[in-house]
Amino acid sequence: MGFLSDALSRIKPSATIVITQKARDLKAQGRDVISLSVGEPDFDTPDNIKEAAIAAIRRGETKYTPVSGIVPLREAISRKFKRENGLDYKPSQTIVSTGGKHVIYNALLATLNPGDEVIIPAPYWVSYPEMVVLCGGKPVFVDCTMEHSFKLQPEPLERAITPKTKWIILNSPSNPTGAAYSRAEMKAITDVLMRHPHVWVLTDDMYEHLTYGDFEFVTPAQVEPNLYERTLTMNGVSKAYAMTGWRIGYAGGPEHLIKAMDFVQGQQTSGTSAISQWAAVEALDGPQDHLPRFKKAFEERRDLVVSMLNQAKGLKCPMPEGAFYVYPSCAEAIGKTAPSGKVIETDEDFVSELLEAEGVAAVHGSSFGLGPNFRISYATSNAALEDACHRIQRFCASLR
């Protein structure tokens, strides 16, 4: 009998973490590396949020908190959902966890039985299927192709639903593609779900505030109020408030589900950091004047990266609606030979050779469930992005 759990053999390491660490290691060895693999804003947390945390420390807000979060934060979350999404969640219908990933994991752990199916549109964030497997469920993937702007279509969704389907996970704007659903596109999805009342909706809205141009963000229960009683609306402060290290995710949903998640969390981590929670109160209730600045910078970076990648030989890069990722196709590079002499057979080969030849770290699309593509995060400076894109252009031109 082996010492380690058999569950470990059923899951894969996070490709984004692996690539990011490899880039760090190469930098430590003196290599000139530009990492475009990590999904983390390069902006600092706004000062008013940091000051709220400092004030909380000085007030002595350094003790254990209730498992589901401090009351002022749960009240702030209720106000946020009402103000920005038109959703009425009482504080007792909300929960605070140690990041958005923790919210999702708790929801799956609290609801999945062996063999339960979870529909995951692909490309997907790398952690979704692994969390489903760890919780005893079965991921069911539905491909969302570049021809459909990487968005789930109603007909394939309908075909994927079975009597064993318990959840669908929707992420808009998306990691890894940046694709976001318009109101009409979301309504087409919710119309399908209305025909299947046993299917619950777990919506990951982490990039809600990072949409560009005149795009209007919507969330499923907002578009179809009849889904309210079987929707968990997840969000957090990591991306829009540049608070990745503060580790605050939150959700609103039916009270019986929130209580089940509270029960699970009570035996895992209990409440998250008290100081981070008071900072999150300020993030949600305080001034939002940093958001236009963040959005303007990200939109400029998006436009720069899309333009330069589409000038690279053999790459095709769609224009995403939100988040801070692009997901170009490298299909024309497959079968070609890199400067090292290696034949590129997969998108993983492509990003590996790109890192070796030009010192640019990106993440291969197959790790997100759909290739041959690769993900680039443009959450870094314009200068670094321009340099990286020139290197990618040079690499693509060198393929034979």
* Thr219 (side chain) donor-acceptor with Gln222 (main chain) under 3.5 angstrom -> no

* To do: Search all heavy atoms of Val281 against all heavy atoms of Pro72 and return the closest pair with its distance.
  => CG2-C, 3.9 Å

* Asked: When you measure from the centre of the six-membered ring of Trp167, is the NZ or CZ of Arg230 under 6.0 Å away and within 45° of the axis?
  -> no

* Asked: Tell me the salt bridge (charged side-chain N to carboxylate O under 4.0 Å, His left out) pairs involving residues 234-255, sequence neighbours left out?
  -> Lys90-Glu255

* Mind checking the CG-CG spacing from Leu193 to Leu157? Nearest 0.5 Å is all I need. => 5.5 Å

* Asked: Looking at Asp191 and Lys187, does any basic side-chain N land under 4.0 Å from a carboxylate oxygen?
  -> yes

* Asked: Does the distance from a Lys or Arg side-chain N to an Asp or Glu carboxylate O, for Arg10 and Asp6, drop under 4.0 Å?
  -> no

* Any donor-acceptor pair under 3.5 Å from Gln153 side chain to Lys151 backbone -> yes

* Check the pair Ile344 / Thr337 against side-chain contact (heavy atoms from CB on, under 4.5 Å), numbers first and verdict last. => CA-CA 6 Å; Ile344 295 175; Thr337 303; over 6 Å; no

* Asked: Would you say Asn373's side chain and Tyr327's backbone share a donor-acceptor pair under 3.5 angstrom?
  -> yes

Hey, can you pull the donor-acceptor pairs under 3.5 Å for the side chains in residues 354-362, sequence neighbours left out?
residue: Glu358; atom: OE1; partner: Arg394; partner atom: NE; Å: 3.3
residue: Glu358; atom: OE1; partner: Arg394; partner atom: NH2; Å: 2.6
residue: Glu358; atom: OE2; partner: Arg394; partner atom: NE; Å: 2.9

* Any side-chain donor paired with an acceptor under 3.5 Å for Tyr128 and Asp204? -> yes

* Go through the structure and list residues passing side chain to side chain donor-acceptor pair (under 3.5 Å) with Tyr241, not counting sequence neighbours. => Gln288

* May I ask you to test the Leu315-Gln393 pair for a side-chain heavy-atom distance under 4.5 Å? => no

* Asked: Which class fits the ring pair Tyr124 and Phe141: parallel under 30°, tilted 30 to 60°, perpendicular over 60°?
  -> parallel

* Asked: Quick check: does any side chain N or O of Arg74 sit under 3.5 Å from a backbone N or O of Thr94, one acting as donor and the other as acceptor?
  -> yes

* Asked: Shared ILVMFWY cluster between Val326 and Met206, side chains joined below 4.5 angstrom?
  -> yes

* Are Leu112 and Trp125 linked, directly or through other ILVMFWY residues, by side chains that come within less than 4.5 angstrom of each other? -> yes

* Asked: Side-chain contact, heavy-atom cut-off 4.5 Å: Leu202 with Val118?
  -> no

* Minimum-distance pair of heavy atoms, taken over all atoms of Pro339 and Leu399 -> CD-CD2, 4.4 Å

* **Lys295 backbone acceptor or donor facing Glu300 side chain under 3.5 Å** => no

* Asked: Do Phe217 and Tyr207 have their ring centres less than 6.0 Å from each other?
  -> no

* Asked: Out of curiosity, Ser37 OG to Gln21 CD, how far, rounded to the nearest 0.5 Å?
  -> 10.0 Å

* Asked: Pro220 versus Ile189: any side-chain heavy-atom pair under 4.5 Å?
  -> no

* Asked: Under 3.5 Å, is there a donor-acceptor pair linking the side chains of Ser97 and Gln265?
  -> yes

* Run the salt-bridge test on Lys80 and Glu208 with the 4.0 Å N-O cut-off and return the result as yes or no. => yes

* Asked: Does Arg391 reach the side chain of Ile34, with side-chain heavy atoms less than 4.5 Å apart?
  -> yes

* Asked: Are Arg375 and Asp347 within salt-bridge range, i.e. N to O under 4.0 Å?
  -> no

* To do: Check the hydrophobic clustering (I, L, V, M, F, W, Y; side-chain heavy atoms under 4.5 Å; chains of links allowed) and say if Leu232 and Ile248 are grouped together.
  => no

* Asked: Between the side chains of Asp143 and Thr145, does any donor sit under 3.5 Å from an acceptor?
  -> no

* Asked: For Phe215, does the CZ atom sit with more than 12 other heavy atoms under 6.0 Å from it, leaving out its own atoms?
  -> yes

* **Backbone N/O of Lys296 and side chain of Glu299: donor-acceptor pair under 3.5 Å** => no

* So do the side chains of Pro41 and Phe294 get within less than 4.5 Å of each other, counting heavy atoms only? -> no

* Shared hydrophobic cluster for Phe395 and Met308 (ILVMFWY, side-chain gaps under 4.5 Å) -> yes

* Common cluster, Phe374/Leu304, ILVMFWY with side-chain heavy-atom separation under 4.5 Å -> yes

* **Basic-acidic side-chain contact under 4.0 Å: Asp116, Lys164** => no

* Structure fact -> Scanning both residues in full, the closest heavy-atom pair of Cys317 with Asn310 reads N-OD1, 2.7 Å

* Nearest heavy-atom neighbours spanning Asp349 and Lys342 -> OD1-CE, 3.4 Å

* Does a side-chain N-to-carboxylate-O contact under 4.0 Å join Glu345 and Lys336? -> no

* So, does Asn106 use its side chain to make a donor-acceptor pair with the main chain of Val103 at under 3.5 Å? -> no

* Using a distance-only test with no angle check, is there a side-chain donor-acceptor pair under 3.5 angstrom linking Tyr228 and Tyr89? -> no

* Side-chain touch Met243/Ile49, heavy atoms, less than 4.5 angstrom -> yes

* Could you point out which residue of Ile161, Ile168, Ile119, Ile120 forms a side chain to side chain contact (heavy atoms under 4.5 Å, CB included) with Val142? => Ile119

* I would like to know whether Glu40 and Thr244 meet side-chain hydrogen bond (donor to acceptor under 3.5 Å, both in side chains); could you show each step before the answer? => CA-CA 7 Å; Glu40 181 172 49; Thr244 50; 2.5 Å; yes

* Without hydrogens or angle criteria, can the side chains of Ser182 and Glu185 be said to hold a donor-acceptor pair below 3.5 Å? -> yes

* Taking all atoms of both residues into account, what is the closest heavy-atom pair of Thr45 and Lys50, and its distance? -> O-CE, 3.3 Å

* Does His102 use its side chain to pair, donor to acceptor, with the backbone of Tyr250 at less than 3.5 Å? -> no

* Whether Thr177 side chain and Ala179 backbone form a donor-acceptor pair below 3.5 Å -> yes

* **Heavy-atom neighbours of Arg58 CZ exceed 12 at 6.0 Å** => no

* Looking at Val132 and Pro139, what are the two nearest heavy atoms and their distance? -> CG1-N, 3.7 Å

* To do: Check whether any side-chain heavy atom of Tyr105 lies under 4.5 Å from a side-chain heavy atom of Val264, and answer yes or no.
  => no

* Side chain of Ser276, backbone of Trp246: donor and acceptor closer than 3.5 Å? -> yes

* Asked: Do Gln277 and Ser273 have side-chain atoms, one donor and one acceptor, less than 3.5 Å apart?
  -> no

* Step-by-step side-chain contact (heavy atoms from CB on, under 4.5 Å) determination, Leu170 to Leu152 -> CA-CA 9 Å; Leu170 291 174; Leu152 181 63; 4.1 Å; yes

* Asked: Can we say Lys166 and Glu117 salt-bridge, meaning some charged N sits less than 4.0 Å from an Asp/Glu carboxylate O?
  -> no

* Determine, for Lys22 against Asp25, whether the closest basic-nitrogen to carboxylate-oxygen distance falls under 4.0 angstrom. => no

* Asked: Hey, does Tyr325 have a side-chain heavy atom less than 4.5 Å from the side chain of Phe368?
  -> no

* Is it the case that Thr231 and Trp200 place a side-chain donor and acceptor less than 3.5 Å from each other? -> no

* Asked: Glu321 and Thr211: side-chain donor and acceptor closer than 3.5 Å?
  -> no

